[in-house]
Amino acid sequence: MTGLFDSHKRRIDYIRVSVTDRCNLKCSYCSDGSVPHLPRPEILSYEEIQQVVQAAAALGIRSVRLTGGEPLLRPNISHLVGLLSDIEGIDDISLTTNGTLLGRYAARLAGAGLRRVNVSLDTLKADRFQAISGSDRLAEVIGGITLAQSVGLQPVKINMVVLGGTNDDEILNLARMSLDPGWHVRFIEYMPLNEPAVDSSQWISVAEMMKRIERTLGKLEPGKVATGAGPARYYRLPGARGTLGFISPMTDCFCSECNRLRLTANGRLRPCLVADDEVDLKGPIRNGAGFEELKRLIAQAADRKPKRHNLTKRQNNSKRPMRQIGG
Ligand code: SAM
């Protein structure tokens, strides 16, 4: 078998790279600011990220997703996209963003080699957007989505984290966006990591989300998205151009299909999103580790992937907040 495999025989061909732990939104369920920002010198430079991805590609990594924090806050992020798209073996570069700056950068990112984007959008109501994120930039997000589609960053996937009493009354409205304008919308179960204390009574399962959609909008038919299926299960409403995806880390974990490693903003490779085991790459890189040493450390992280996550419904499953790991 060629490629990178973990000790449970899963092929590892995907790396998610958090390029910053800073964000211009303060989403109530994601960050309460209690974990301080990483000092800037701790954050990997673009050239250091390039070194990691080069070594990872030599082992068999094929896809890279840039995330954060908010990746579009990092100055000249399209330069990083260009560096990564020149790496032999990397054939898919994508980005997860809150969309506030997407309108400004979409064309440049597409030109640099970015293929597609996921946009986080938990509400279609301006006042609620303000209440959840502390920002009045909903219109910019919607504009960014339209622009990303028009410059060919396809498919654009919309990610909604559903919380009872916060935005669950908008499940149907987001689902309708798959009919017109044909969005690909993904509904995500909240994961209790670090930082914000979300009341467990707010937690809603994917099964409940699907039930609510089917009750009003009709039976969900199995669906597919063109690229990057990831952990979501896809369906389609009757007659819809877009799809509805459901991501159920809590109730139906997809660990047996996990194909990814995560590089934190400060250069630690995490075998699993929610386990605090990490392999330090920044220290070795800054001490002059060569290509083969980096490959060895990356293979070590892959080998340490747990068979499944140990997420529980209690808060604080991880020392790091989501914005450091990269969601
Ligand atoms: N700033 C970018 C964005 O908003 O997409 C990228 C980083 S953000 C941490 C990545 C994703 O993680 C977002 O879709 C966000 O909604 C999701 N997220 C944050 N905290 C979460 C949690 N506790 N459970 C599930 N998803 C979460």
Side-chain angles (χ1 to χ4, degrees), residues 16-35 37 64-74 77 94-102 105 109 116-123 129 132-135 137-138 140-141 144-145 148 153 156-164 166-168 170 174 184-200 202-206 209 230-232 245-251 253-254 260 262-265 270 273-274 309 311-327:
R16 296 177 70 107
V17 177
S18 173
V19 297
T20 176
D21 64 332
R22 285 158 168 82
C23 191
N24 54 348
L25 300 186
K26 299 283 165 281
C27 296
S28 50
Y29 62 86
C30 182
S31 174
D32 63 11
S34 59
V35 175
H37 284 131
V64 184
R65 175 172 293 278
L66 302 179
T67 176
E70 173 47 44
L72 298 186
L73 285 184
R74 188 96 188 242
I77 187 80
S94 56
L95 177 109
T96 298
T97 173
N98 62 33
T100 53
L101 296 166
L102 195 52
Y105 295 125
L109 288 163
R116 54 204 175 87
V117 285
N118 290 0
V119 181
S120 306
L121 182 59
D122 301 315
T123 175
F129 188 88
I132 295 176
S133 72
S135 149
R137 302 174 73 173
L138 176 63
E140 285 159 70
V141 178
I145 291 169
L153 293 173
V156 177
K157 295 181 198 159
I158 311 301
N159 288 338
M160 175 191 193
V161 176
V162 180
L163 282 169
T166 297
N167 62 351
D168 63 318
E170 287 189 78
L174 263 297
H184 301 285
V185 183
R186 308 192 312 168
F187 300 91
I188 303 173
E189 285 175 354
Y190 169 73
M191 290 181 273
L193 295 186
N194 191 330
E195 278 207 342
V198 169
D199 190 314
S200 59
Q202 286 190 270
W203 183 83
I204 294 196
S205 69
V206 149
M209 301 174 205
F246 296 88
I247 303 184
S248 51
M250 305 295 292
T251 55
C253 92
F254 29 83
R260 59 195 61 184
R262 292 183 150 84
L263 184 63
T264 66
R270 271 174 93 93
L273 170 67
V274 294
H309 71 62
L311 258 180
T312 62
K313 282 193 191 165
R314 66 175 170 73
Q315 200 70 36
N316 291 326
N317 282 280
S318 155
K319 279 198 213 110
R320 288 186 190 266
M322 193 69 112
R323 65 187 161 77
Q324 278 188 5
I325 311 168

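Throughout, residue positions are numbered sequentially from 1 according to the sequence presented. Whatever order the structure lists them in is the order used to number ligands and atoms, beginning at 1.
T264 and R270 share no donor-acceptor pair across their side chains, judged by distance under 3.5 Å alone. The closest side-chain donor-acceptor pair between E189 and S205, if any, does not fall under 3.5 angstrom. Side-chain polar atoms of E70 and T100 form no donor-acceptor pair below 3.5 angstrom.
With sequence neighbours excluded, the residues that form a ring-ring contact (aromatic ring centres under 6.0 Å, His included) with F246 are F187, Y235.
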List, pair by pair, the atoms of ligand 1 and of the protein that are both N or O and lie under 3.5 Å apart, giving the separation rounded to 0.1 Å.
unit_1, atom_1, unit_2, atom_2, d
ligand 1, 1 (N), G69, O, 2.9
ligand 1, 1 (N), E70, OE1, 3.0
ligand 1, 4 (O), S120, OG, 3.2
ligand 1, 5 (O), T97, O, 3.3
ligand 1, 5 (O), S120, OG, 2.5
ligand 1, 14 (O), S120, OG, 2.7
ligand 1, 16 (O), Y29, OH, 2.7
ligand 1, 23 (N), M191, O, 2.7
ligand 1, 24 (N), M191, N, 2.9

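Rounding to the nearest 0.5 angstrom, the gap separating the CZ atom in R16 from the CG atom in L66 is 10.0 Å. Taking CG from L25 and CG from D122, the interatomic distance works out to 9.5 Å, rounded to the nearest 0.5 Å.
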